[in-house]
Amino acid sequence: SKARIGVTGLAVMGRNLARNLARHGHPVAVHNRTEARTKALVTEFGDEGTFVPAETPEEFVASLERPRRLVIMVKAGAPTDAVIEEFAPLLEPGDMIVDGGNAHFADTRRREAALRERGLHFVGTGISGGEEGALHGPSIMPGGSAESYEALGPLLEDIAAKVDGTPCCVHVGPDGAGHFVKMVHNGIEYADMQLIAESYDLLRHAAGLSPAEIAEVFRTWNTGRLESYLIEITAEVLAHTDAATGRPFVDVVLDQAEQKGTGRWTVQTALDLGVPVSGIAEAVFARSVSGHADLRRAARGLPGPQNDVRYLSGFADDVEQALYASKVVAYAQGFHQIQAGSEEYGWNIDLGQMATIWRGGCIIRARFLDRIRAAYEADPRTPTLLTDDHFAEAVGAAQDAWRRVVTTAAQLGIPAPGFSSALAYYDSLRAERLPAALTQGQRDFFGAHTYRRVDREGSFHTLWGGDRSEVEA
Ligand code: NDP
(Lines give C-alpha, C1' and ligand atoms only; values in the text may rest on other atoms or scores of the structure.)
Protein backbone atom coordinates (compact mmCIF):
# COMPACT_ATOMS: atom_id res chain seq x y z
CA SER A 1 0.00 0.00 0.00
CA LYS A 2 1.10 3.53 -0.69
CA ALA A 3 1.84 6.24 1.81
CA ARG A 4 -0.28 9.39 1.79
CA ILE A 5 2.67 11.64 2.56
CA GLY A 6 6.40 11.23 3.11
CA VAL A 7 8.96 12.86 5.36
CA THR A 8 12.67 12.93 4.57
CA GLY A 9 15.01 14.22 7.26
CA LEU A 10 14.29 12.42 10.50
CA ALA A 11 16.13 14.45 13.14
CA VAL A 12 13.94 15.73 16.02
CA MET A 13 11.58 17.80 13.90
CA GLY A 14 11.08 15.38 11.02
CA ARG A 15 10.72 12.39 13.29
CA ASN A 16 8.07 14.06 15.41
CA LEU A 17 6.18 15.38 12.41
CA ALA A 18 6.13 11.88 10.89
CA ARG A 19 4.86 10.44 14.18
CA ASN A 20 2.18 13.13 14.38
CA LEU A 21 1.00 12.20 10.86
CA ALA A 22 1.03 8.48 11.66
CA ARG A 23 -0.85 9.02 14.93
CA HIS A 24 -3.56 10.81 12.93
CA GLY A 25 -4.00 7.74 10.77
CA HIS A 26 -2.03 8.90 7.73
CA PRO A 27 0.32 6.26 6.33
CA VAL A 28 3.66 8.07 6.17
CA ALA A 29 6.76 7.18 4.19
CA VAL A 30 9.95 7.93 6.09
CA HIS A 31 13.49 8.44 4.81
CA ASN A 32 16.74 9.87 6.09
CA ARG A 33 20.17 10.27 4.51
CA THR A 34 21.68 8.19 7.31
CA GLU A 35 19.51 5.12 7.43
CA ALA A 36 20.00 4.46 11.14
CA ARG A 37 17.53 7.25 11.95
CA THR A 38 14.84 5.67 9.77
CA LYS A 39 15.32 2.33 11.45
CA ALA A 40 15.31 3.86 14.93
CA LEU A 41 12.04 5.64 14.20
CA VAL A 42 10.30 2.48 13.07
CA THR A 43 11.75 0.42 15.91
CA GLU A 44 10.86 2.89 18.64
CA PHE A 45 7.56 4.26 17.38
CA GLY A 46 6.37 1.81 14.72
CA ASP A 47 3.30 0.90 16.76
CA GLU A 48 1.98 4.49 16.66
CA GLY A 49 0.71 4.17 13.09
CA THR A 50 1.66 3.10 9.59
CA PHE A 51 5.23 3.94 8.66
CA VAL A 52 6.64 2.99 5.27
CA PRO A 53 10.41 3.08 5.67
CA ALA A 54 12.55 3.70 2.59
CA GLU A 55 16.28 3.17 2.20
CA THR A 56 16.74 5.13 -1.00
CA PRO A 57 15.17 8.25 -2.50
CA GLU A 58 13.84 6.09 -5.36
CA GLU A 59 12.14 3.72 -2.96
CA PHE A 60 10.78 6.66 -0.96
CA VAL A 61 9.28 8.38 -4.00
CA ALA A 62 7.84 5.11 -5.31
CA SER A 63 6.03 4.52 -2.03
CA LEU A 64 4.00 7.76 -2.24
CA GLU A 65 0.48 7.96 -3.69
CA ARG A 66 0.03 10.53 -6.44
CA PRO A 67 0.15 13.48 -6.54
CA ARG A 68 3.10 12.95 -4.24
CA ARG A 69 3.42 14.90 -1.03
CA LEU A 70 7.02 14.97 0.08
CA VAL A 71 8.05 16.88 3.20
CA ILE A 72 11.69 17.90 3.62
CA MET A 73 12.81 18.42 7.23
CA VAL A 74 16.55 18.86 6.87
CA LYS A 75 19.02 21.49 7.95
CA ALA A 76 18.12 24.82 6.34
CA GLY A 77 20.36 26.30 3.64
CA ALA A 78 22.58 24.26 1.32
CA PRO A 79 21.31 20.88 2.61
CA THR A 80 17.78 21.85 1.55
CA ASP A 81 18.99 22.62 -1.98
CA ALA A 82 20.93 19.36 -2.07
CA VAL A 83 17.88 17.35 -1.01
CA ILE A 84 15.63 19.14 -3.53
CA GLU A 85 18.11 18.33 -6.29
CA GLU A 86 18.16 14.72 -5.19
CA PHE A 87 14.38 14.28 -5.22
CA ALA A 88 13.05 16.65 -7.89
CA PRO A 89 14.29 14.51 -10.83
CA LEU A 90 12.37 11.56 -9.40
CA LEU A 91 9.06 13.43 -9.24
CA GLU A 92 6.37 14.02 -11.86
CA PRO A 93 4.35 17.12 -12.74
CA GLY A 94 1.80 17.97 -10.05
CA ASP A 95 3.86 16.48 -7.23
CA MET A 96 4.56 18.62 -4.17
CA ILE A 97 7.72 19.27 -2.21
CA VAL A 98 7.05 20.80 1.20
CA ASP A 99 10.01 22.48 2.90
CA GLY A 100 9.23 22.56 6.61
CA GLY A 101 12.67 23.84 7.61
CA ASN A 102 13.50 27.34 8.71
CA ALA A 103 14.32 28.64 5.24
CA HIS A 104 14.80 32.30 4.40
CA PHE A 105 11.76 33.39 2.38
CA ALA A 106 13.99 34.66 -0.44
CA ASP A 107 15.41 31.14 -0.83
CA THR A 108 11.87 29.81 -0.84
CA ARG A 109 10.89 32.23 -3.60
CA ARG A 110 13.89 31.14 -5.65
CA ARG A 111 13.18 27.43 -5.13
CA GLU A 112 9.48 27.81 -5.84
CA ALA A 113 10.14 29.57 -9.15
CA ALA A 114 12.71 26.98 -10.22
CA LEU A 115 10.49 24.01 -9.38
CA ARG A 116 7.42 25.61 -10.94
CA GLU A 117 9.39 25.63 -14.23
CA ARG A 118 9.72 21.87 -13.82
CA GLY A 119 5.99 21.42 -13.18
CA LEU A 120 6.41 20.78 -9.44
CA HIS A 121 4.76 22.56 -6.53
CA PHE A 122 7.14 23.86 -3.90
CA VAL A 123 5.48 24.68 -0.61
CA GLY A 124 7.72 26.63 1.77
CA THR A 125 6.09 26.02 5.13
CA GLY A 126 6.80 27.68 8.45
CA ILE A 127 6.44 25.24 11.32
CA SER A 128 6.53 26.61 14.84
CA GLY A 129 6.52 24.98 18.23
CA GLY A 130 9.80 23.11 18.30
CA GLU A 131 9.92 19.36 18.74
CA GLU A 132 6.97 19.21 21.15
CA GLY A 133 4.84 21.18 18.72
CA ALA A 134 5.83 18.95 15.83
CA LEU A 135 4.64 15.92 17.77
CA HIS A 136 1.53 17.23 19.52
CA GLY A 137 0.37 19.90 17.07
CA PRO A 138 2.42 22.80 15.73
CA SER A 139 1.34 26.09 14.23
CA ILE A 140 1.77 25.61 10.48
CA MET A 141 2.26 28.41 7.95
CA PRO A 142 2.27 27.00 4.40
CA GLY A 143 3.07 29.14 1.36
CA GLY A 144 3.02 27.95 -2.24
CA SER A 145 0.17 27.69 -4.71
CA ALA A 146 -3.49 27.56 -3.75
CA GLU A 147 -3.71 24.37 -5.80
CA SER A 148 -1.09 22.64 -3.67
CA TYR A 149 -2.91 23.71 -0.53
CA GLU A 150 -6.00 21.87 -1.72
CA ALA A 151 -4.03 18.63 -1.66
CA LEU A 152 -1.99 19.40 1.44
CA GLY A 153 -4.23 21.56 3.58
CA PRO A 154 -6.46 18.82 5.01
CA LEU A 155 -3.43 16.78 6.12
CA LEU A 156 -1.63 19.76 7.63
CA GLU A 157 -4.77 21.04 9.36
CA ASP A 158 -5.29 17.59 10.77
CA ILE A 159 -1.90 17.52 12.54
CA ALA A 160 -1.83 21.21 13.52
CA ALA A 161 -2.67 22.50 17.00
CA LYS A 162 -6.36 23.32 17.49
CA VAL A 163 -7.80 26.22 19.45
CA ASP A 164 -11.57 26.24 19.99
CA GLY A 165 -11.70 23.59 17.26
CA THR A 166 -9.95 25.81 14.73
CA PRO A 167 -6.70 24.40 13.29
CA CYS A 168 -3.59 26.55 13.66
CA CYS A 169 -2.88 26.20 9.96
CA VAL A 170 -4.01 28.23 6.98
CA HIS A 171 -2.73 28.87 3.47
CA VAL A 172 -0.70 32.03 4.04
CA GLY A 173 -0.14 33.01 0.41
CA PRO A 174 1.95 32.20 -2.66
CA ASP A 175 5.66 31.23 -2.86
CA GLY A 176 7.61 32.56 0.16
CA ALA A 177 4.64 33.93 2.15
CA GLY A 178 4.66 31.09 4.67
CA HIS A 179 8.34 31.36 5.48
CA PHE A 180 8.08 35.15 5.61
CA VAL A 181 5.31 34.98 8.19
CA LYS A 182 7.22 32.35 10.18
CA MET A 183 10.24 34.68 10.16
CA VAL A 184 8.22 37.62 11.51
CA HIS A 185 6.63 35.29 14.06
CA ASN A 186 10.13 34.51 15.33
CA GLY A 187 10.98 38.22 15.36
CA ILE A 188 7.92 38.92 17.49
CA GLU A 189 9.00 36.06 19.74
CA TYR A 190 12.36 37.79 20.23
CA ALA A 191 10.62 41.04 21.18
CA ASP A 192 8.19 39.32 23.53
CA MET A 193 11.04 37.49 25.29
CA GLN A 194 13.08 40.69 25.62
CA LEU A 195 10.13 42.55 27.18
CA ILE A 196 9.61 39.73 29.66
CA ALA A 197 13.33 39.77 30.47
CA GLU A 198 13.19 43.50 31.15
CA SER A 199 10.15 43.02 33.38
CA TYR A 200 12.07 40.47 35.40
CA ASP A 201 15.14 42.71 35.61
CA LEU A 202 13.10 45.65 36.88
CA LEU A 203 11.22 43.59 39.44
CA ARG A 204 14.53 42.21 40.62
CA HIS A 205 16.64 45.36 40.70
CA ALA A 206 14.17 48.20 41.07
CA ALA A 207 11.64 46.49 43.34
CA GLY A 208 14.20 44.18 44.96
CA LEU A 209 12.15 40.99 44.56
CA SER A 210 13.77 37.55 44.56
CA PRO A 211 13.49 35.21 41.56
CA ALA A 212 11.02 33.07 43.50
CA GLU A 213 8.89 36.12 44.30
CA ILE A 214 9.04 37.23 40.68
CA ALA A 215 7.92 33.75 39.61
CA GLU A 216 4.79 34.35 41.71
CA VAL A 217 4.24 37.72 40.03
CA PHE A 218 4.43 36.05 36.62
CA ARG A 219 2.03 33.34 37.77
CA THR A 220 -0.46 36.02 38.71
CA TRP A 221 0.03 37.79 35.40
CA ASN A 222 -0.62 34.51 33.65
CA THR A 223 -4.19 34.56 34.95
CA GLY A 224 -4.90 37.89 33.25
CA ARG A 225 -4.56 39.54 29.87
CA LEU A 226 -0.89 38.53 29.57
CA GLU A 227 -1.77 34.84 29.77
CA SER A 228 0.61 33.07 27.39
CA TYR A 229 3.03 30.24 27.01
CA LEU A 230 6.04 32.55 27.41
CA ILE A 231 4.76 34.04 30.68
CA GLU A 232 3.98 30.56 31.96
CA ILE A 233 7.46 29.16 31.26
CA THR A 234 9.07 32.33 32.63
CA ALA A 235 7.52 31.55 36.02
CA GLU A 236 8.82 27.98 35.77
CA VAL A 237 12.35 29.07 34.95
CA LEU A 238 12.41 31.71 37.71
CA ALA A 239 11.09 29.29 40.32
CA HIS A 240 13.74 26.71 39.46
CA THR A 241 16.65 26.16 41.86
CA ASP A 242 20.04 24.93 40.70
CA ALA A 243 20.60 21.51 42.25
CA ALA A 244 24.38 21.83 42.36
CA THR A 245 24.56 25.15 44.21
CA GLY A 246 21.12 25.66 45.71
CA ARG A 247 21.03 29.07 44.09
CA PRO A 248 18.26 30.37 41.83
CA PHE A 249 18.79 28.76 38.43
CA VAL A 250 18.67 32.17 36.72
CA ASP A 251 21.73 33.23 38.75
CA VAL A 252 23.96 30.38 37.61
CA VAL A 253 23.25 30.76 33.89
CA LEU A 254 25.78 32.80 31.90
CA ASP A 255 24.04 36.02 30.87
CA GLN A 256 24.92 35.88 27.19
CA ALA A 257 21.93 35.19 24.94
CA GLU A 258 22.38 33.28 21.73
CA GLN A 259 20.43 33.37 18.50
CA LYS A 260 20.01 31.24 15.43
CA GLY A 261 19.26 34.03 12.98
CA THR A 262 15.54 34.41 12.30
CA GLY A 263 15.38 37.56 14.46
CA ARG A 264 18.24 39.03 12.47
CA TRP A 265 16.49 38.12 9.19
CA THR A 266 13.35 39.85 10.40
CA VAL A 267 15.21 43.07 11.08
CA GLN A 268 17.26 42.90 7.88
CA THR A 269 14.08 42.39 5.87
CA ALA A 270 12.30 45.17 7.75
CA LEU A 271 15.12 47.56 6.87
CA ASP A 272 14.73 46.64 3.19
CA LEU A 273 10.97 47.12 3.35
CA GLY A 274 11.31 50.38 5.30
CA VAL A 275 9.23 49.13 8.23
CA PRO A 276 10.15 50.36 11.73
CA VAL A 277 10.27 47.19 13.81
CA SER A 278 12.22 48.87 16.59
CA GLY A 279 11.00 46.43 19.26
CA ILE A 280 12.28 43.41 17.37
CA ALA A 281 15.52 45.22 16.50
CA GLU A 282 16.11 46.14 20.16
CA ALA A 283 15.57 42.52 21.12
CA VAL A 284 18.09 41.29 18.57
CA PHE A 285 20.57 43.96 19.64
CA ALA A 286 20.01 43.22 23.33
CA ARG A 287 21.08 39.62 22.73
CA SER A 288 24.02 40.91 20.74
CA VAL A 289 25.10 43.30 23.52
CA SER A 290 24.86 40.51 26.08
CA GLY A 291 27.23 38.39 24.04
CA HIS A 292 29.96 41.02 23.80
CA ALA A 293 31.77 39.88 26.92
CA ASP A 294 34.94 41.89 26.29
CA LEU A 295 33.02 45.08 25.68
CA ARG A 296 30.98 44.59 28.83
CA ARG A 297 34.05 43.79 30.92
CA ALA A 298 35.80 46.93 29.66
CA ALA A 299 32.78 49.10 30.45
CA ARG A 300 31.83 47.62 33.80
CA GLY A 301 33.41 50.45 35.81
CA LEU A 302 31.57 53.27 34.07
CA PRO A 303 29.62 55.45 36.49
CA GLY A 304 25.92 54.86 37.05
CA PRO A 305 23.29 56.60 39.16
CA GLN A 306 23.68 56.64 42.95
CA ASN A 307 20.24 55.27 43.71
CA ASP A 308 19.57 52.50 46.18
CA VAL A 309 17.40 49.54 45.38
CA ARG A 310 14.07 50.18 47.01
CA TYR A 311 10.62 48.78 46.95
CA LEU A 312 8.20 50.93 45.06
CA SER A 313 4.63 50.25 46.02
CA GLY A 314 2.49 49.22 43.09
CA PHE A 315 5.56 48.76 40.95
CA ALA A 316 4.71 45.22 39.86
CA ASP A 317 1.39 46.45 38.56
CA ASP A 318 3.15 49.27 36.71
CA VAL A 319 5.48 46.75 35.11
CA GLU A 320 2.52 44.61 34.04
CA GLN A 321 1.07 47.64 32.28
CA ALA A 322 4.40 48.54 30.66
CA LEU A 323 4.79 44.96 29.49
CA TYR A 324 1.30 44.86 28.07
CA ALA A 325 1.62 48.18 26.25
CA SER A 326 5.08 47.36 24.89
CA LYS A 327 3.83 44.00 23.73
CA VAL A 328 1.02 45.64 21.79
CA VAL A 329 3.63 47.83 20.11
CA ALA A 330 5.85 44.83 19.25
CA TYR A 331 2.93 42.97 17.67
CA ALA A 332 1.73 46.09 15.88
CA GLN A 333 5.21 46.44 14.36
CA GLY A 334 5.40 42.76 13.39
CA PHE A 335 1.99 42.87 11.73
CA HIS A 336 3.00 46.04 9.92
CA GLN A 337 5.97 44.10 8.52
CA ILE A 338 3.73 41.25 7.35
CA GLN A 339 1.43 43.76 5.70
CA ALA A 340 4.39 45.45 3.98
CA GLY A 341 5.82 42.11 2.81
CA SER A 342 2.41 41.07 1.56
CA GLU A 343 2.13 44.27 -0.49
CA GLU A 344 5.71 44.10 -1.79
CA TYR A 345 5.37 40.52 -3.02
CA GLY A 346 1.66 40.46 -3.85
CA TRP A 347 0.81 37.78 -1.30
CA ASN A 348 -2.57 39.11 -0.17
CA ILE A 349 -2.04 37.83 3.39
CA ASP A 350 -5.02 37.88 5.74
CA LEU A 351 -3.53 39.40 8.90
CA GLY A 352 -6.35 38.31 11.18
CA GLN A 353 -5.77 34.70 10.12
CA MET A 354 -2.11 34.95 11.09
CA ALA A 355 -3.18 35.90 14.62
CA THR A 356 -5.63 33.01 14.54
CA ILE A 357 -3.06 30.34 13.65
CA TRP A 358 -0.58 31.59 16.26
CA ARG A 359 -3.04 31.01 19.10
CA GLY A 360 -1.84 27.44 19.55
CA GLY A 361 1.16 25.25 18.85
CA CYS A 362 3.76 27.99 18.72
CA ILE A 363 5.98 29.79 21.20
CA ILE A 364 4.04 33.07 21.12
CA ARG A 365 0.66 31.40 21.69
CA ALA A 366 -1.41 33.67 23.88
CA ARG A 367 -4.85 34.80 24.83
CA PHE A 368 -3.89 38.21 23.46
CA LEU A 369 -3.94 36.91 19.86
CA ASP A 370 -7.72 36.60 20.00
CA ARG A 371 -7.81 40.36 20.44
CA ILE A 372 -5.57 40.86 17.42
CA ARG A 373 -7.80 38.62 15.36
CA ALA A 374 -10.82 40.61 16.50
CA ALA A 375 -9.07 43.85 15.57
CA TYR A 376 -8.49 42.69 12.00
CA GLU A 377 -11.99 41.26 11.79
CA ALA A 378 -13.39 44.65 12.78
CA ASP A 379 -11.20 46.43 10.23
CA PRO A 380 -9.00 44.36 7.90
CA ARG A 381 -7.38 47.56 6.67
CA THR A 382 -6.51 49.06 10.03
CA PRO A 383 -3.17 50.85 9.52
CA THR A 384 -1.89 49.72 12.91
CA LEU A 385 -3.17 47.63 15.80
CA LEU A 386 -2.49 50.62 18.05
CA THR A 387 -5.49 52.47 16.64
CA ASP A 388 -7.90 49.55 17.05
CA ASP A 389 -10.50 50.63 19.62
CA HIS A 390 -9.66 47.94 22.15
CA PHE A 391 -5.89 48.36 21.98
CA ALA A 392 -6.03 52.17 21.83
CA GLU A 393 -8.04 52.18 25.03
CA ALA A 394 -5.92 49.57 26.80
CA VAL A 395 -2.61 51.18 25.88
CA GLY A 396 -4.00 54.60 26.70
CA ALA A 397 -4.94 53.35 30.15
CA ALA A 398 -1.50 51.75 30.59
CA GLN A 399 0.61 54.66 29.42
CA ASP A 400 1.06 56.48 32.73
CA ALA A 401 2.40 53.32 34.37
CA TRP A 402 4.48 52.60 31.27
CA ARG A 403 6.08 56.04 31.51
CA ARG A 404 6.80 55.56 35.24
CA VAL A 405 8.51 52.26 34.50
CA VAL A 406 10.69 53.73 31.75
CA THR A 407 11.53 56.68 34.01
CA THR A 408 12.38 54.39 36.90
CA ALA A 409 14.58 52.25 34.68
CA ALA A 410 16.47 55.30 33.45
CA GLN A 411 16.84 56.75 36.95
CA LEU A 412 18.14 53.50 38.39
CA GLY A 413 20.37 52.74 35.41
CA ILE A 414 18.56 49.53 34.50
CA PRO A 415 18.61 48.96 30.74
CA ALA A 416 15.10 48.68 29.32
CA PRO A 417 15.58 49.08 25.55
CA GLY A 418 12.38 47.22 24.72
CA PHE A 419 10.12 49.25 26.99
CA SER A 420 11.68 52.59 26.11
CA SER A 421 11.84 52.06 22.36
CA ALA A 422 8.24 50.84 22.34
CA LEU A 423 7.21 53.99 24.19
CA ALA A 424 9.20 56.15 21.78
CA TYR A 425 7.42 54.45 18.86
CA TYR A 426 4.03 55.07 20.47
CA ASP A 427 4.86 58.72 21.07
CA SER A 428 6.28 59.09 17.56
CA LEU A 429 3.06 57.85 15.99
CA ARG A 430 0.99 60.08 18.28
CA ALA A 431 3.02 63.23 17.70
CA GLU A 432 1.41 66.13 15.89
CA ARG A 433 4.78 67.15 14.49
CA LEU A 434 8.07 65.23 14.41
CA PRO A 435 11.53 66.79 14.28
CA ALA A 436 11.91 65.09 10.90
CA ALA A 437 11.20 68.58 9.55
CA LEU A 438 14.54 69.72 10.98
CA THR A 439 16.25 66.64 9.54
CA GLN A 440 14.88 67.60 6.13
CA GLY A 441 16.24 71.14 6.59
CA GLN A 442 19.69 69.78 7.38
CA ARG A 443 19.61 67.44 4.40
CA ASP A 444 18.65 70.31 2.16
CA PHE A 445 21.42 72.47 3.67
CA PHE A 446 24.32 70.09 3.18
CA GLY A 447 23.17 68.06 0.22
CA ALA A 448 20.44 70.03 -1.59
CA HIS A 449 18.21 67.02 -1.03
CA THR A 450 15.08 69.22 -1.19
CA TYR A 451 12.01 69.15 1.04
CA ARG A 452 8.25 69.33 0.74
CA ARG A 453 6.16 72.03 2.41
CA VAL A 454 3.13 71.77 4.64
CA ASP A 455 1.24 74.40 2.65
CA ARG A 456 2.04 73.75 -1.02
CA GLU A 457 2.60 70.83 -3.39
CA GLY A 458 6.03 70.29 -4.92
CA SER A 459 9.68 69.93 -3.90
CA PHE A 460 11.72 72.88 -2.76
CA HIS A 461 15.29 73.89 -2.09
CA THR A 462 16.61 76.86 -0.15
CA LEU A 463 19.74 78.53 -1.50
CA TRP A 464 21.60 78.13 1.80
CA GLY A 465 24.95 79.29 0.37
CA GLY A 466 23.37 82.28 -1.35
CA ASP A 467 20.62 84.67 -0.43
CA ARG A 468 18.55 81.92 1.24
CA SER A 469 15.65 82.39 -1.08
CA GLU A 470 13.60 79.34 -1.96
CA VAL A 471 13.43 77.76 -5.38
CA GLU A 472 11.14 75.07 -6.67
CA ALA A 473 13.19 71.93 -7.36
P1 NDP B 1 18.67 19.68 11.91
O2 NDP B 1 18.47 21.07 11.47
O3 NDP B 1 19.66 19.38 12.97
O4 NDP B 1 19.05 18.81 10.60
C5 NDP B 1 19.39 17.43 10.69
C6 NDP B 1 18.74 16.67 9.57
O7 NDP B 1 19.16 17.18 8.29
C8 NDP B 1 19.16 15.21 9.60
O9 NDP B 1 18.06 14.43 9.22
C10 NDP B 1 20.26 15.18 8.57
O11 NDP B 1 20.49 13.89 8.03
C12 NDP B 1 19.70 16.09 7.54
N13 NDP B 1 20.71 16.61 6.59
C14 NDP B 1 21.65 17.53 6.84
N15 NDP B 1 22.37 17.75 5.73
C16 NDP B 1 21.88 16.96 4.75
C17 NDP B 1 22.21 16.74 3.40
N18 NDP B 1 23.18 17.43 2.80
N19 NDP B 1 21.48 15.82 2.71
C20 NDP B 1 20.49 15.14 3.30
N21 NDP B 1 20.12 15.30 4.58
C22 NDP B 1 20.83 16.21 5.30
O23 NDP B 1 17.25 18.98 12.29
P24 NDP B 1 16.00 19.55 13.11
O25 NDP B 1 15.07 18.41 13.17
O26 NDP B 1 16.41 20.24 14.36
O27 NDP B 1 15.40 20.66 12.15
C28 NDP B 1 14.94 20.38 10.84
C29 NDP B 1 14.50 21.67 10.20
O30 NDP B 1 13.42 22.20 10.94
C31 NDP B 1 15.58 22.75 10.18
O32 NDP B 1 15.48 23.49 8.99
C33 NDP B 1 15.23 23.62 11.35
O34 NDP B 1 15.68 24.94 11.20
C35 NDP B 1 13.72 23.53 11.33
N36 NDP B 1 13.07 23.78 12.61
C37 NDP B 1 13.59 23.32 13.77
C38 NDP B 1 12.97 23.56 14.99
C39 NDP B 1 13.53 23.02 16.24
O40 NDP B 1 12.98 23.32 17.30
N41 NDP B 1 14.58 22.21 16.21
C42 NDP B 1 11.73 24.33 15.05
C43 NDP B 1 11.20 24.69 13.79
C44 NDP B 1 11.87 24.43 12.63
P45 NDP B 1 21.56 12.91 8.73
O46 NDP B 1 20.80 12.21 9.82
O47 NDP B 1 21.93 11.97 7.62
O48 NDP B 1 22.69 13.73 9.21
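Each ligand, and each atom within it, is numbered from 1 in the order the structure gives.
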query: To the nearest 0.1 Å, how far is atom 41 (N) of ligand 1 from its closest protein heavy atom, and which atom is that?
result: Met13 CG, 3.7 Å

- request: Walk me through it: do Arg109 and Glu112 pass the test salt bridge (charged side-chain N to carboxylate O under 4.0 Å, His left out)?
  value: CA-CA 5 Å; Arg109 284 169 57 77; Glu112 197 273 338; over 6 Å; no

- prompt: By number and element, which atoms of ligand 1 are closer than 4.0 Å to a non-hydrogen atom of Gly9?
  reply: 9 (O)

message: Students should be able to answer this: which protein heavy-atom is nearest to atom 17 (C) of ligand 1, and at what distance?
response: Arg33 NH1, 3.2 Å

- prompt: Which residue supplies the protein heavy atom nearest to atom 20 (C) of ligand 1, what is that atom called, and how far is it?
  reply: Val83 CG2, 3.4 Å

- request: Say whether Tyr331 and Asp192, considering side chains only, have a donor N or O and an acceptor N or O under 3.5 Å apart.
  value: yes

query: Which residue owns the protein heavy atom closest to atom 5 (C) of ligand 1, what's the atom, and how far is it?
result: Ala11 CB, 3.7 Å

task: Give the intermediate values and the outcome of side-chain contact (heavy atoms from CB on, under 4.5 Å) for residues Ile97 and Arg111.
output: CA-CA 10 Å; Ile97 297 181; Arg111 290 165 182 151; over 6 Å; no

message: Contact between Asp81 and Glu85 at the side-chain level, heavy atoms closer than 4.5 Å - yes or no?
response: no

Per-pair distances, 0.1 Å, donor-acceptor, side chain in residues 8-26, under 3.5 Å, sequence neighbours excluded:
{"unit_1": "Thr8", "atom_1": "OG1", "unit_2": "His31", "atom_2": "O", "d": "3.4"}
{"unit_1": "Thr8", "atom_1": "OG1", "unit_2": "His31", "atom_2": "ND1", "d": "2.8"}
{"unit_1": "Asn16", "atom_1": "ND2", "unit_2": "Glu131", "atom_2": "O", "d": "2.9"}
{"unit_1": "Arg19", "atom_1": "NE", "unit_2": "Glu48", "atom_2": "OE1", "d": "2.9"}
{"unit_1": "Arg19", "atom_1": "NE", "unit_2": "Glu48", "atom_2": "OE2", "d": "3.4"}
{"unit_1": "Arg19", "atom_1": "NH2", "unit_2": "Glu48", "atom_2": "OE2", "d": "2.8"}
{"unit_1": "Asn20", "atom_1": "OD1", "unit_2": "His24", "atom_2": "ND1", "d": "3.0"}
{"unit_1": "Asn20", "atom_1": "ND2", "unit_2": "Ala134", "atom_2": "O", "d": "3.0"}
{"unit_1": "Asn20", "atom_1": "ND2", "unit_2": "Leu135", "atom_2": "O", "d": "3.4"}
{"unit_1": "Asn20", "atom_1": "ND2", "unit_2": "Ile159", "atom_2": "O", "d": "3.1"}
{"unit_1": "Arg23", "atom_1": "NE", "unit_2": "Glu48", "atom_2": "OE1", "d": "3.2"}
{"unit_1": "Arg23", "atom_1": "NH2", "unit_2": "Glu48", "atom_2": "OE2", "d": "3.3"}
{"unit_1": "His24", "atom_1": "ND1", "unit_2": "Asn20", "atom_2": "O", "d": "2.9"}
{"unit_1": "His24", "atom_1": "NE2", "unit_2": "Asp158", "atom_2": "O", "d": "3.2"}
{"unit_1": "His26", "atom_1": "ND1", "unit_2": "Arg4", "atom_2": "NH1", "d": "2.9"}
{"unit_1": "His26", "atom_1": "NE2", "unit_2": "Asp158", "atom_2": "OD2", "d": "2.6"}

message: I want to confirm something. Looking only at heavy atoms, which of Val12, Thr38, Asn102 is nearest to atom 26 (O) of ligand 1?
response: Val12

task: Please work out which of the three classes, parallel, tilted or perpendicular, describes the rings of Phe105 and Trp347, given edges at 30° and 60°.
output: perpendicular

message: Checking contacts here: is it the side chain or the backbone of Arg37 that comes within 4.0 Å of ligand 1, counting heavy atoms only? Could be both or neither.
response: side chain

task: Give the residue and atom name of whichever protein heavy atom lies nearest to atom 15 (N) of ligand 1, and the separation in Å to one decimal.
output: Pro79 CB, 3.4 Å

field: All pairs passing ring pair (Phe, Tyr, Trp, His ring centres under 6.0 Å) where residues 110-142 contributes a residue, at least two apart
entry: none

query: Please state which protein non-hydrogen atom is closest to atom 28 (C) of ligand 1 and give its distance, to 0.1 Å?
result: Met73 O, 3.6 Å

field: Centroid separation Phe285 to Tyr190 less than 6.0 Å
entry: no

- prompt: If you measure from CG on Asp99 to CD1 on Ile127, what distance do you get to the nearest 0.5 Å?
  reply: 8.5 Å

- request: For atom 40 (O) of ligand 1, grab the closest protein heavy atom and report residue, atom and distance to one decimal in Å.
  value: Gly130 CA, 3.3 Å

- prompt: What atoms in ligand 1 come closer than 4.0 Å to a heavy atom of Leu10?
  reply: 9 (O)

- request: May I ask you to check whether Asn32 has an N/O atom sitting below 3.5 Å from an N/O atom of ligand 1?
  value: yes

query: In terms of ring plane angle, is the pair Tyr200 and His205 parallel, tilted or perpendicular, where the classes change at 30° and 60°?
result: perpendicular

field: Part of Ile127 within contact of ligand 1 (heavy atoms, under 4.0 Å)
entry: backbone

task: Report yes if some N/O of Lys75 lies less than 3.5 Å from some N/O of ligand 1; otherwise report no.
output: yes

Residue part near ligand 1, for Thr8, under 4.0 Å between non-hydrogen atoms: neither

task: For ligand 1, find out whether one of its N or O atoms is nearer than 3.5 Å to an N or O atom of Val74.
output: yes

- line: Closest heavy-atom pair, Ala160 versus Cys168, reported as atoms and distance to 0.1 Å, is CB-O, 3.8 Å

- line: Note: Thr34, heavy atoms under 4.0 Å from ligand 1, region reported as both

